[in-house]
Amino acid sequence: MKYYFNEIEAKWQKYWNDNQTFKADNYSKKEKYYVLDMFPYPSGAGLHVGHPLGYIASDIYARYKRHKGFNVLHPQGYDSFGLPAEQYAIQTGQHPAKTTQENIKTYRRQLDQIGFSFDWSREVRTSDPSYYKWTQWIFIQLYESYYCLDSDQARSIEELKSVFETEGNIRINAACGDTLEDFSEEQWKLFNEEKKEEILSNYRLTYLSETEVNWCPALGTVLANDEIVNGLSERGGFPVVRKKMKQWSMRITAYAQRLLDGLNEIDWPQPLKDSQTNWIGRSVGAMVSFDIDGHNENIEVFTTRPDTIFGVSFMTLAPEHELVSKITGRDQKEAVEGYVLSTSKRSERDRMADVKSISGVFTGAYAIHPFSGTKIPIWIGDYVLASYGTGAVMAVPCGDQRDFDFAKYFKLEIPNIFENVDISEMACEDKNVKIANSDFINGLNAKEAIRKVIAALEERKIGQGKINYRLRDAVFSRQRYWGEPFPVYYVNGLPKMIDTEYLPITLPEVQKYLPTEDGKPPLGNATVWAWCTKTNQIVSNDLINGTTIFPLELNTMPGWAGSSWYFNRYMDATNSETFCGKEAMNYWRDVDLYIGGSEHATGHLLYSRFWQKFLYDRGHVPVQEYAKKLINQGMILGTSAFVYRKEGENVFISKGLIGDFKVQPLHVDVSLVNASNELDLEGFKNHVLNKDIDQPEFILESGKYIVGREVEKMSKSKYNVVNPDDICHNYGADTLRLYEMFLGPLEQAKPWNTAGISGVHGFLKRLWKLFHSDNEAFLVSEDKANADELKILHKTIKKVDEDIANFSFNTSVSSFMIAVNELTALKCNKRDILQPLVVLIAPYAPHIAEELWEKLGNKGSISTVEYPVFEPKFLIESTKTYPISFNGKMRFTKELSLDLDKVAIEKAVLEDERTQQQLNGRSPKKVIVIPGKIVNIVG
RNA sequence: GCGGGCGUGGUGAAAUUGGUAGACACGCUAGACUUAGGAUCUAGUGCCUCACGGUGUGAAGGUUCGAGUCCUUUCGCCCGCACCA
């Protein structure tokens with residue numbers, strides 16, 4: 001019988017589905033193991049071959065763990081809120097829910113055909129009200145919490161209120177936004193509702209505030225820095241401006257230190273930990289307050305080098321700094337306002353990326369040096385960012401290169417405060433030089449001086465030591481339709497949470513998915529979007545009366561809201577009483593293995609750790625870190641193909657003939673090119689893409705048009721996407737699974753290339769053949785296996801076990817090939833060997849394994865059959881083929897008994913005539929013998 | 001600029017603690033077979049050389065009996081962060 005992979009795969013996929021083979025039980029006596037993939041965003045383009053790479057690896061691991069006797073949770077779902085579906089809705093008028101559902105259907109079909117062992121009964125979709133009900137619930141929990149710095153945890157805001165009522169805020173030590181003035185319990189009681197709420201929102205873990213944002217008028221939305229490329233929106237390429245806006249923020253900064261500390265507890269790749277560490281950006285230094293000459297204001301700065309304070313010769317404020325308008329002199333007003341305006345047009349990333357051009361304006365105001373009392377000019381400059389530190393810098397040109405460049409450019413004073421250091425050409429950032437010209441810290445090194453300056457600042461109450469983090473609070477509002485609605489309504493402009501028992505607050509229907517004409521978010525188009533506090537229902541906007549019926553929040557939550565806790569939902573995905581039942585949560589606890597791309601390092605993987613720590617603090621989850629181990633799979637790159645169009649003409653020149661012609665390279669669909677880079681000319685002419693090209697002419701080499709190749713990210717716009725469907729159809733899912741693993745190390749980025757696929761497909765056919773006679777009937781011998789056969793089996797078991805432990809799936813595929821090649825050579829078709837071999841291969845190629853398992857006469861699925869156990873006794877050797885090397889170069893091999901000791905080996909080797917031949921009469925100076933390894937003769 | 005990673009045949013890549021470099025595949029060459037099959041099988045294949053032999057893991061040094069692996073310098077590529085005070 002031939003290997004009809006399509007039939008076999010369809011049969012077993014149906015079997016798994018019918019029998020719910022991979023449904024995980026929440027209450028098992030088996031040890032649990034939770035294998036998680038980063039869930040996909042269901043885009044309209046469908047799955048491409050890059051998606052399954054991580055999924056195949058995690059599936060192999062999950063299946064392996066089932067064979068090893070674990071109760072495995074291996075779920076999958078969809079991160080189904082997001083901008084592409086909304087953009088599509090804007091263009092076509094189709095409801096995003098509809099297109100999302102269609103896309104999910106395609107994804108599901110594609111995932112199913114690869115044979116993943118997902119427990120689909122736990123599927124989650126972030127856009128489903130039954131899911132986002134709990135996203136809204138978590139948001140409310142955050143709103144109702146503050147961060148207590150004494151106990152270092154989130155606590156109920158009610159506790160804080162009762163403290164305010166009994167003793168004011170004097171003794172409160174909590175994470176807080178603005179520096180608040182002290183108030184007593186009496187004062188608190190006298191504050192009106194509005195004032196109280198304003199104070200509380202400084203403590204809440206999610207709060208409304210005016211934030212400077214990247215506003216994209218064309219998309220009508222705020223963009224994250226990482227969504228902006230070269231000052232334009234990543235999607236669409238529209239201009240972006242800086243704008244102030246009232247937005248929800250998440251007080252992730254309260255967790256900065258714990259997010260750093262937690263990294264020590266988890267087995268995540270070091271580069272990923274490094275990027276989270278950099279993102280959080282802890283720096284130790286001091287806050288210093290500078291008085292402003294002639295104003296009743298002061299400038300707070302954070303510095304990591306308080307020891308250089310006597311080197312301050314000017315100050316620089318971010319152009320957006322709130323003091324700028326207050327302190328600017330009459331003569332400077334025009335210049336300053338012009339500069340502020342021109343800065344507002346530049347994106348933050350743009351400003352940061354531009355290192356070469358130096359710009360700034362003098363404000364006309366002077367600060368007073370806190371120790372020397374000298375007057376220091378205050379400048380504004382766009383190299384200072386409002387969002388980092390206090391948005392102000394004490395400039396020390398002799399000790400900081402950027403300050404130095406600024407001072408040189410504007411011909412400002414550069415006082416030298418370092419002993420025996422030449423600063424005429426560049427600043428000195430070395431912390432080991434001694435300080436000079438600095439009053440009470442002369443002669444000290446940086447470390448000593450820092451301590452002394454901080455002490456002096458604290459004594460005079462003009463500053464204190466401080467740990468500063470680069471991490472900022474995360475903006476949580478999006479001006480989009482296709483996201484979670486906030487469970488929030490407004491009473492006189494003050495936010496109120498909807499009682500959790502009335503969740504979910506479902507997305508309203510709208511006529512248009514664009515922002516409204518007057519610049520409100522898309523939900524501003526909804527006509528039934530008001531909250532009735534009497535009936536606790538969403539009602540028509542017409543009924544808003546300001547007494548019982550109020551407007552609802554128009555923003556929606558960002559993409560990362562739903563993905564920040566989904567791993568908990570899988571544990572108890574259908575629970576309608578709570579976001580995850582306690583019993584299920586205490587059984588599954590955390591993810592044992594998480595596989596996904598490193599591009600989420602400072603987004604999803606940081607926010608989700610933050611939410612998990614918060615949920616832990618409030619007693620909702622049992623662990624602080626939700627993923628014990630994480631593996632980043634490398635990106636699969638596409639190999640783009642290019643044709644070369646002669647500039648201004650419809651002439652395409654084959655790659656080898658371009659020579660000196662001016663050509664324009666154009667992407668061409670990779671499906672039109674064969675393995676030898678030859679273009680299908682007829683296909684090219686008929687391809688939709690090229691319909692607009694009239695009568696193309698081709699200049700051929702040897703009768704062929706040869707395309708250029710380049711490795712790029714796999715993307716629809718580069719026409720280099722390869723769809724797994726074709727491979728599943730032509731070679732089968734088992735071949736696809738093996739091939740993706742065989743491509744190379746999991747964590748390494750690699751270009752997709754189908755050239756080698758026949759190799760693994762051939763392997764599966766040879767495996768099949770081992771079980772079949774020449775006339776293709778199933779034929780397995782019941783004879784006892786011999787030593788050679790057992791050795792092949794056990795060496796493979798050993799290798800595969802080690803490989804899986806190291807996530808080295810590429811080399812285990814090789815081991816399978818070697819085993820099958822060797823068994824084929826021995827014509828071995830013995831059950832003793834083949835039955836364990838099938839189990840060994842089952843996690844990698846589950847369909848063929850199930851089929852052969854059944855043909856071997858077994859009942860039921862192979863998926864929980866015990867994995868073969870390695871027995872060292874089958875690998876014991878009595879001899880070793882020693883490499884005999886001379887001066888480190890291997891010349892010949894000699895088989896010797898492993899019982900021989902060093903002396904005996906040396907004797908045997910020296911007696912060998914080939915040794916004498918190599919030595920050619922010389923006597924060896926030294927003979928190195930490592931029993932069991934090598935012999936090296938020196939001389 | 002800072003941080004991280006990577007350089008091995010025509011190609012994808014192997015190579016626990018330093019111990020036979022190139023496993024396993026693709027491709028290529030030659031051949032066999034045929035019931036033309038998504039064929040299969042056999043042999044060969046790092047480079048130079050008819051061969052003996054030489055040479056070879058980006059380059060140059062070093063440590064060592066022995067280096068792809070350790071150390072120093074250097075070149076190139078990729079990724080992340082970036083005027084972070």
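Reminder, nothing fancy here: chain letters follow the sequence lines and each chain counts from 1.
- Of the candidates B/C65, B/A85, B/G19, the closest approach to any side-chain atom of A/Thr304 belongs to B/A85.
- Between A/Lys750 and the phosphate of B/G12, there is no side-chain N or O to OP1/OP2 separation shorter than 4.0 Å.
- For residues 741-748 of chain A, proximity to RNA chain B is found at A/Phe742, A/Leu743, A/Pro745, A/Gln748, defined as any non-hydrogen atom under 4.0 angstrom from a strand atom.
- At the phosphate of B/G1, neither OP1 nor OP2 sits under 4.0 Å from any side-chain N or O atom of A/Arg402.
- Under the 3.5 Å distance criterion, with hydrogens and angles disregarded, no donor-acceptor pair is assigned to the side chains of A/Asn468 and A/Ser283.
- Dashed line: the shortest gap from a side-chain N or O of A/Asn278 to OP1 or OP2 of B/C84 is not under 4.0 Å.
- Here A/Asn810 does not reach the OP1 or OP2 of B/G12: none of its side-chain N or O atoms lies under 4.0 Å away.
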Set out, in order, the CA-CA distance, both residues' side-chain angles and the distance that settles side chain to side chain contact (heavy atoms under 4.5 Å, CB included) for A/Gln257 and A/Tyr469, then state yes or no. CA-CA 9 Å; A/Gln257 190 59 50; A/Tyr469 297 93; 2.5 Å; yes
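- No engagement by A/Asp405 is indicated, since no non-hydrogen atom pair under 4.0 Å with the nucleic acid exists.
- In terms of phosphate contacts, A/Arg470 brings a side-chain nitrogen or oxygen within less than 4.0 Å of OP1 or OP2 of B/A82.
- With a glycosidic angle no further than 90° from 0, B/G9 counts as syn.
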Atom pairs, protein N/O to nucleotides 54-57 of chain B N/O, distance under 3.5 Å:
{"residue": "B/G54", "atom": "OP2", "partner": "A/Arg891", "partner atom": "NH1", "Å": "3.2"}

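- The side chain of A/Leu385 approaches B/C84 more closely than any other nucleotide in the set B/A21, B/G38, B/C84.
- Taking atom C1' in both B/A14 and B/U35, the straight-line distance is 39 Å, to the nearest Å.
- Which of B/A82, B/G19, B/C24 sits closest to the side chain of A/Asn821 comes down to B/C24.
- Here B/A14 is the nucleotide among B/A14, B/U20, B/A85 with the atom lying nearest to any side-chain atom of A/Thr811.
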